[in-house]
Peer 1: 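Provided herewith is a single structure, encoded as structure tokens, for subsequent inquiry.
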Amino acid sequence: MNKNNLSRLIPVMLCFFAMGFVDLVGIASNYVKADLNLSDSMANIFPSLVFFWFLIFSVPTSLLMNKIGRKNTVLLSLLITALSLFIPIFAENFYVMLIAFSLLGIGNALMQTSLNPLVATVMQGGNLASTLTFGQFIKAIASFMAPYIAMWGAAASIPTFGLDWRILFPIYLIIGVLATLLLYVTKIDEPCTQGKPSSFVGAIKLLGNPLILLCFLGIMCHVGIDVGTNTTAPKLLIERLGMTLNEAAFATSLYFIFRTIGCLTGSFILRKVSNRTFLFISVVMMALAMAGMWMGTELWVLYAAIALVGYGNSNVFSLCFARALDVAGDKQNEVSGLMIMGLFGGTLFPLLMGFASDAVGQAGAVAVMAVGVVYLFFFWTRK
């Protein structure tokens with residue numbers, strides 16, 4: 001990689017860190033549930049709401065990119081994300097958190113739709129899958145830091161200025177503002193959009209390509225498993241081992257630690273191993289993880305299962321996204337929007353998991369995630 005590419009990639013990677021802010025919704029929903037005495041199905045509205053906006057905004061964002069450019073769209077997403085982090089600093093009630101998480105979801109929908117194609121612009125087609133995976137590694141650092149910061153805040157291990165676990169929001173707000181400023185001053189030359197302007201309907205019609213549709217559904221399952229594990233892992237330890245929330249919150253960090261390791265190692269492994277082979281290994285690991293979370297009643301079994309799903313699920317997004325972009329031609333912006341719309345799986349899975357866990361316990365939530373693993377195995381069989 002030349003020095004010019006590297007100087008542009010650094011601020012883009014900081015934006016990936018800001019992209020990881022969305023994963024704070026998992027641990028935050030557990031603290032809000034405890035603070036406001038909510039049921040599982042009510043508490044799971046928060047992560048579901050965050051990812052609902054991907055359904056609404058992803059494709060329109062891809063069309064917006066054609067008009068204002070990828071970099072400007074990322075800057076807009078960072079501003080909305082900063083606002084979402086600013087609001088909870090001043091109050092914590094059900095409706096304030098609904099507004100904050102809605103803005104967080106909208107900002108993240110814009111960011112994920114525009115940032116991945118921006119990487120393609122910076123890399124100019126070289127090592128796209130491994131670079132996207134490295135970006136997911138940076139994102140995962142923000143993801144696994146969130147539960148720790150919330151835990152430290154709740155335990156008063158760090159200065160919280162009366163915010164308790166919500167000290168997480170101003171800390172991430174400062175980083176988000178830094179990412180915005182750094183990207184703003186970075187010059188990135190973007191290719192001009194060629195051909196007939198796309199419409200919303202035209203973008204949706206791209207799902208008529210069987211491979212693009214399969215990738216779309218694969219991303220739905222990936223994010224469903226991701227958000228599902230993020231929110232369910234602490235509940236498993238609370239239900240089966242009698243832990244407190246502060247003790248069990250480490251489970252979310254453990255998931256993201258292994259997801260971070262998976263992204264980092266995956267960015268190198270994917271340069272040596274075929275995407276298809278690595279996807280198979282990932283799916284096998286997740287299948288073992290589902291069995292462990294379904295049956296496990298000992299701490300080491302549950303921790304091992306959470307670690308396995310963290311590593312196994314770490315590269316699925318990049319593999320599906322890169323595969324879709326490979327067949328996108330001059331419709332990369334539109335296909336990016338469609339793939340990010342697949343993050344709507346983060347709405348469907350937690351809702352179903354909430355109802356299932358209220359009915360039969362956390363094993364029901366694990367069963368819902370297992371459906372996603374079965375689909376990813378089917379996806380692997382498609383050449």
Peer 1: In terms of the angle between their ring planes, are Phe57 and Trp53 parallel, tilted or perpendicular, with boundaries placed at 30° and 60°?
Peer 2: tilted

Peer 1: Angle between ring planes, Tyr172 versus Phe17, binned at 30° and 60°: parallel, tilted or perpendicular?
Peer 2: perpendicular

Peer 1: If the test is side-chain contact (heavy atoms from CB on, under 4.5 Å), which one of Ile340, Ile106, Thr113 qualifies with Phe54?
Peer 2: Ile340

Peer 1: Less than 6.0 angstrom from the centroid, inside 45 degrees of the normal: does Arg166 satisfy that with respect to the ring of Phe90?
Peer 2: no

Peer 1: Between CG of Leu214 and CG of Leu211, what distance do you get to the nearest 0.5 Å?
Peer 2: 6.5 Å

Peer 1: For Tyr255 and Asp23, which I'm curious about, is there any donor-acceptor pair between the side chains at under 3.5 Å?
Peer 2: no

Peer 1: Any idea how Phe137 and Phe134 line up, ring-wise: parallel (<30°), tilted (30 to 60°), or perpendicular (>60°)?
Peer 2: tilted

Peer 1: Step through it carefully: locate the ring centre of Phe46, locate the ring centre of Phe101, and say whether they are under 6.0 Å apart.
Peer 2: yes

Peer 1: Can you confirm whether the side chains of Thr81 and Ser84 place a donor and an acceptor under 3.5 Å from each other?
Peer 2: no

Peer 1: Are there more than 12 heavy atoms of other residues, nucleotides or ligands under 6.0 Å from atom CZ of Phe94?
Peer 2: yes

Peer 1: Heavy atoms only: give me the nearest Ala18-Met111 pair and the separation to one decimal.
Peer 2: C-SD, 4.0 Å

Peer 1: Any chance OH of Tyr375 has more than 12 other-residue heavy atoms, nucleotides or ligands included, within less than 6.0 Å?
Peer 2: yes

Peer 1: Phe250 vs Tyr303 aromatic rings, parallel, tilted or perpendicular, using cut-offs 30° and 60°?
Peer 2: perpendicular

Peer 1: Verify side-chain hydrogen bond (donor to acceptor under 3.5 Å, both in side chains) between Asn246 and Tyr31, making sure each step is shown before the conclusion.
Peer 2: CA-CA 9 Å; Asn246 278 347; Tyr31 278 105; 2.6 Å; yes

